Protein chains: 2
Amino acid sequence: MSAGPSLGEFEQVVLLAILRLGDNAYGVTIGAEITACTSREPAPGALYTTLDRLEDKGLVTSRLGDPTPQRGGRAKRYFTLNSKGLAAITRAQQSYRRLLEGCELPGLNYA
Amino acid sequence: MSAGPSLGEFEQVVLLAILRLGDNAYGVTIGAEITACTSREPAPGALYTTLDRLEDKGLVTSRLGDPTPQRGGRAKRYFTLNSKGLAAITRAQQSYRRLLEGCELPGLNYA
DNA sequence: GACATTTAAACTACATCATAGAGTAAATGG
DNA sequence: CCATTTACTCTATGATGTAGTTTAAATGTC
């Protein structure tokens, strides 16, 4: 294979959601962002399993935040895309773009 | 889930390659198109397994062509995207696009 | 301060998807 | 009729995707 690990479909979705959320990306917000953008409602187990795998692959890093002063404000595990993760998602999406170029797909045409 | 089956990463790549190839999509050309657009070199087994799965899901149809008058011109199995397949790939790619909107990814910004 | 409630994460088990590798089939050319 | 070429099929296994259940850690109430 050319370079780096390949990404599964849901892995790409999760990486993009983390990217969108910036410094507020943890399990619950990531799931909510995915629902907002894709109408999917990933089960908690699905999400955390994938997050662990992405961390094992070295595409994201996680740090444990401080508990917040609100009922149930348990410490959150924040995720960040690192440079390797950014490269991987960019490569994957550019492949789709090259395949889409010249195709006529309703709502997905590139200028 | 909202509507229709979800697509794996490679399934999307294969569907898009079939779309690009129009009426000349069969195993070998599909593999070549994938290599041209993504630098990946899928093994034959990987490709045909995925094609079979896509047909089982009702996203593509296949018909057997006539043998061609050339050395090794064995009959080809041609694949076509049907309306369900077109809807599925469109939906999947629109999800990516919504996630990408507003993100700054080098080489992937949308106007 | 015991205990219910809320928010969040971890664990377990299983289904689906991805992939390689080896093998089979059907055509032509010498 | 056998080697060569093009193309597809079969089998086994690892990677990804998913649900469901359980655990953890905070606050609010009585």
Side-chain angles (χ1 to χ4, degrees), chain A residues 1-2 4-15 17 21 24-35 38 40-57 59-60 62-79 88-89 92 95, chain B residues 1 4-15 17 21 24-35 38 40-57 59-60 62-79 88 92 95:
Chain A
M1 211 79 15
S2 46
S6 65
L7 295 171
E9 187 273 336
F10 190 54
E11 289 179 334
Q12 294 188 47
V13 168
V14 171
L15 285 180
L21 288 163
N24 193 35
Y26 63 96
V28 173
T29 55
I30 293 169
E33 192 70 12
I34 291 173
T35 299
T38 73
R40 285 158 69 165
E41 298 188 0
L47 196 50
Y48 290 107
T49 305
T50 300
L51 285 167
D52 287 343
R53 211 167 18 230
L54 290 171
E55 189 164 34
D56 288 344
K57 287 188 186 179
L59 304 178
V60 305
S62 74
R63 72 210 134 78
L64 218 52
D66 294 320
T68 55
Q70 56 175 301
R71 194 187 184 99
R74 183 182 170 183
K76 300 164 177 59
R77 192 170 149 218
Y78 290 100
F79 291 86
I89 186 63
S95 286
Chain B
M1 207 81 18
S6 65
L7 295 172
E9 187 272 338
F10 190 54
E11 290 178 334
Q12 294 188 46
V13 168
V14 171
L15 285 179
L21 287 163
N24 192 36
Y26 64 97
V28 173
T29 54
I30 294 169
E33 191 71 10
I34 290 173
T35 299
T38 72
R40 286 158 69 164
E41 298 188 0
L47 195 50
Y48 290 107
T49 305
T50 300
L51 286 166
D52 287 343
R53 201 182 318 127
L54 290 171
E55 188 163 33
D56 287 345
K57 287 188 186 179
L59 304 178
V60 304
S62 74
R63 72 210 135 78
L64 217 53
D66 293 319
T68 55
Q70 55 174 302
R71 195 187 183 99
R74 183 182 168 183
K76 300 162 176 59
R77 192 170 149 215
Y78 290 99
F79 291 87
S95 287

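Chain letters run A, B, ... following the sequence lines, proteins first, then strands; residues in each count from 1. All of these numbers come straight from a predicted model, not from anything done at the bench.
Between A/Lys76 atom NZ and C/dT6 atom C1' the separation is 11 Å, expressed in whole Å. Taking atom CZ of residue B/Arg77 and atom P of nucleotide D/dT6, one finds them 21 Å apart after rounding to whole Å. In this structure, OH of A/Tyr48 is placed 15 Å from C1' of D/dA19, rounded to the nearest angstrom. Following rounding to the nearest Å, A/Asn24 (CG) and C/dT7 (P) show an atom-to-atom distance of 15 Å. The separation between A/Leu47 atom CG and D/dA19 atom C1' is 13 Å, rounded to whole Å. At whole-Å resolution of the value, OH in A/Tyr78 and P in C/dT7 are 15 Å apart. Rounded to a whole Å, the CG atom of A/Leu21 is 13 Å from the P atom of C/dA8. Atom CD1 of A/Ile34 and atom C1' of D/dG17 are 12 Å apart (whole Å).
A search for ring-ring contact (aromatic ring centres under 6.0 Å, His included) contacts involving A/Tyr48 returns nothing, not counting sequence neighbours. Among residues two or more places apart in sequence or in another chain, the salt bridge (Lys or Arg N to Asp or Glu O under 4.0 Å) test is passed with B/Arg53 by B/Glu11. For B/Thr49, there are no side-chain hydrogen bond (donor to acceptor under 3.5 Å, both in side chains) partners at least two apart in sequence or on another chain. In this structure B/Phe10 satisfies the ring-ring contact (aromatic ring centres under 6.0 Å, His included) test with no other residue, sequence neighbours excluded. Under the side-chain hydrogen bond (donor to acceptor under 3.5 Å, both in side chains) criterion, B/Asp52 pairs with B/Arg77, not counting sequence neighbours.
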**Request:** Would you give a per-nucleotide map of nucleotides 11-16 of chain D, 5' to 3', where B means the base has a protein non-hydrogen atom under 4.0 Å away, S means only the sugar-phosphate does, and - means neither?
**Result:** B----B
**Asked** For every nucleotide of nucleotides 22-30 of chain D, 5' to 3': is a protein heavy atom under 4.0 Å from its base (B), only from its sugar-phosphate (S), or from neither (-)?
**Response** --BSBBS--
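In this structure, B/Arg40 reaches the C/dT19 phosphate: one of its side-chain N or O atoms is under 4.0 Å from OP1 or OP2.
Side-chain atoms of A/Glu55 come within 3.5 Å of backbone N or O of A/Ser62 as a donor-acceptor pair.
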Please set out all donor-acceptor pairs under 3.5 angstrom arising from side-chain atoms of residues 65-76 of chain A, sequence neighbours excluded.
from    : atom 1 : to      : atom 2 : distance (Å)
A/Thr68 : OG1    : A/Gln70 : NE2    : 3.3

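Within the 4.5 Å cutoff, the side chain of B/Val28 has no heavy atoms near those of the B/Pro44 side chain.
If you find the closest nucleotide of DNA chain D to B/Tyr26 and to B/Ala46, the one lying nearer the 5' end belongs to B/Tyr26.
The heavy-atom pair separating A/Thr29 from A/Asn24 by the smallest distance is OG1-O, 2.8 Å.
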